[in-house]
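A short worksheet on the structure shown next.
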Protein chains: 2
Amino acid sequence: MKKVSTAMSSTLRCLKVLELLAEEPFELSFSELAARLDIPKASAHRLCTTLLEADLIKQEPVTRHYMLSSHALWVGSGYLRHSPLYRAAFFPMQELARQIPGTVQLGVLDQGYVLFIHSVGYSGAPHAFADVGLRRPLNATASGKIFLAGMSTQDVESIMAKCTEKYTGSTITSVTRMKQELAEVKKARYARNVEELLPGYWVLAAGIVDPEDRAAAVISITLPLSDFSPEREATVADLVKEAARKASLQLGPSGISRALLQR
Amino acid sequence: MKKVSTAMSSTLRCLKVLELLAEEPFELSFSELAARLDIPKASAHRLCTTLLEADLIKQEPVTRHYMLSSHALWVGSGYLRHSPLYRAAFFPMQELARQIPGTVQLGVLDQGYVLFIHSVGYSGAPHAFADVGLRRPLNATASGKIFLAGMSTQDVESIMAKCTEKYTGSTITSVTRMKQELAEVKKARYARNVEELLPGYWVLAAGIVDPEDRAAAVISITLPLSDFSPEREATVADLVKEAARKASLQLGPSGISRALLQR
DNA sequence: AATTTTTGTTCCGCAATGCGAAACTGCAGT
DNA sequence: ACTGCAGTTTCGCATTGCGGAACAAAAATT
């Protein structure tokens, strides 16, 4: 084995702790943490001390459990402050939410998931909980389908291979079924999701795209099922597409391709 | 010199890069970055490679400028997923936004600033832009005054010493003036901010507190100045205090003190 | 109260790992 | 072609992080 990367392995290991804490639904004790990462306790202790000193994690004083700190949120949210996508979509999203009362969300692709980075408009829906930073699987979201529609066949297949969980009865888990769906998405230039992730809601999504229809981000709107009908879908679809188109223009063609090149 | 901390210095230096990128309003070139941190270019390069490998930063492909990645947002937002404060305040905030249409925000204390971690309700106001993760000075926000009101005199003094910038004509920069203000805040159990940060808006805030009135977080509501009058203030103040009280109860007394102990 | 078990912290010698000066590459603009 | 400037790679040195093991403190069990 030869040196393959110039990255600092000790630091990478430390960042693994952050990832773990972000992924786990709740706080972790020191021992759990060391066990989960399969790291000697002495080393894990050093990693935690380091992150504590950087103020990225804190520990619950009585259980001594570790969790992410509010400062970590601040650091991560720096992404929003820099994101041209966020800026470009901001006003179109608000306009959409005014036209159609519902939950309007902005999603980007992060490690094989849709990551929602912004949300406007309120519906007492449970999915609105912790909406910024929420990650959802590609196969079970309208936004995800937009991203899948822009991918190569082998990418779609490899991703779908990992999407086996059925969130509701209508979650798409079959590759062939998904390919049909994606063909429709490409034709209609928007994606639909009716109770495939959350019962009682339907969602339409449209991509913020470059001229080749590859999506850098997605604008979606979630509505209660009681509000669903074919005519309603047509209306909403047009408005969602319009919002996405405005965001695309705002970003500019160069903006989009740069965003895409970053992957 | 003796070993003073057990933290990993190389990693801390790497995390400084993240801090810098979070703080700077825009993307940074590699040289700027190295210069800003006063680090040899070879080392800075290693740090960036490491963060790239961890997917916490990305580089703009044509300018090669570095910026935070969307994955960094995901990691940081893990704080929200774990935060009992966020959970406890979620529904009271929505209720408040329904009662009074305006921007309802949830703030915590982060390194001498108010950090807004959640926001509901729309007003086309500029402060709503990138509201999650936004940091504001303590002296110029209603939320900040709530935190200041729970601090010792010397803490207030040392913080005020750094608060010299005047955002508007009425920004409080004098320590004595602030002490008067804080006395009122303690008495009224809510804080007011009329055009001290943003012209055209007024804000009321109430703390999510423990029995000793020390705030673990703050709920605030921002309204257009056209909506201001003494009677209106009384109405809004009661509702903001009520929302904060509900959140306090939801969190539970133990929850609050634990949150406080974490500092 | 005495015990075992579990969990968190510190020590310490070894060598792996990160360090930074300097050399090198590639790209713009004379 | 030449000069700068921005970014990347090399390389020998010693600093720094490593982890087994011993230690301390707190729960859980007897």
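Chain letters run A, B, ... following the sequence lines, proteins first and then strands; every chain starts at 1. When reading the values below, keep in mind they use all heavy atoms of this one structure, side chains included, and skip hydrogens, waters and symmetry mates.
What separates CD of A:Glu32 from C1' of C:dT7 is a distance of 11 Å, to the nearest Å. Atom pair A:Leu47:CG and C:dT9:C1' shows a separation of 14 Å (rounding to whole Å applied). Residue A:Phe30 contributes atom CZ, which lies 11 Å from atom P of C:dT10 at whole-angstrom precision. C:dG20 atom C1' lies 16 Å from atom CG of B:Leu37, rounded to whole Å. If you take CG of A:Asp38 and C1' of D:dG20, they are 15 Å apart, rounded to a whole angstrom. Regarding A:Tyr66, its OH atom lies at a distance of 10 Å from the C1' atom of C:dT9, rounded to whole Å. Here the C1' atom of nucleotide C:dT7 and the CG atom of A:Leu33 are 13 Å apart, to the nearest Å. Remark: P of C:dT7 and NE2 of A:His65 are 10 Å apart, rounded to the nearest angstrom.
Closest contact between the side chain of A:Arg13 and the listed nucleotides D:dG19, C:dG18, D:dG17 involves D:dG19. Proximity note for A:Met8 (side chain, C-beta onward) versus C:dC19, D:dA6, D:dG17: the nearest is C:dC19. Nearest to the side-chain atoms of B:Lys41 among the listed nucleotides C:dT7, D:dT9, D:dA6 stands D:dA6. The nucleotide whose nearest atom lies closest to any side-chain atom of A:Ala42 is, among D:dG19, C:dC19, C:dA22, D:dG19. Which of D:dC18, C:dG18, C:dG8 sits closest to the side chain of A:Ser9 comes down to C:dG18. When distances are taken from the side chain of B:Ser29 to each of D:dG7, C:dC19, C:dT9, the shortest belongs to D:dG7.
When heavy atoms are screened at a 4.0 angstrom cut-off, B:Ser31 is found touching the sugar-phosphate backbone but no base atom. If you check every strand for non-hydrogen atoms under 4.0 Å, B:Ser10 touches sugar and phosphate atoms only. Residue B:Arg64 is in sugar-phosphate contact alone, with no base atom involved, counting any heavy-atom pair closer than 4.0 Å across all strands shown.
Annotation: A:Lys16, atom NZ; neighbour count of heavy atoms from other residues, nucleotides and ligands within 6.0 Å does not exceed 12.
Taking for each of A:Arg46 and A:Ala7 the nucleotide of DNA chain C with the nearest heavy atom, the 5'-most of the two is the partner of A:Arg46.
Between B:Ser43 and C:dG20 there is a side-chain polar atom (N or O) within less than 4.0 angstrom of OP1 or OP2. In this structure, B:His45 reaches the D:dT8 phosphate: one of its side-chain N or O atoms is under 4.0 Å from OP1 or OP2.
Below 30°, between 30° and 60°, or above 60°: for B:His118 and B:Phe90 the angle between ring planes is below 30°, a parallel geometry.
No donor-acceptor pair under 3.5 Å is formed between the side chain of A:His45 and the backbone N or O of A:Ser43. Not one N or O on the side chain of B:Arg189 forms a donor-acceptor pair closer than 3.5 Å with the backbone of B:Ala206.
Here the shortest heavy-atom pairing between B:Ala54 and B:His71 reads O-CD2, 4.0 Å.
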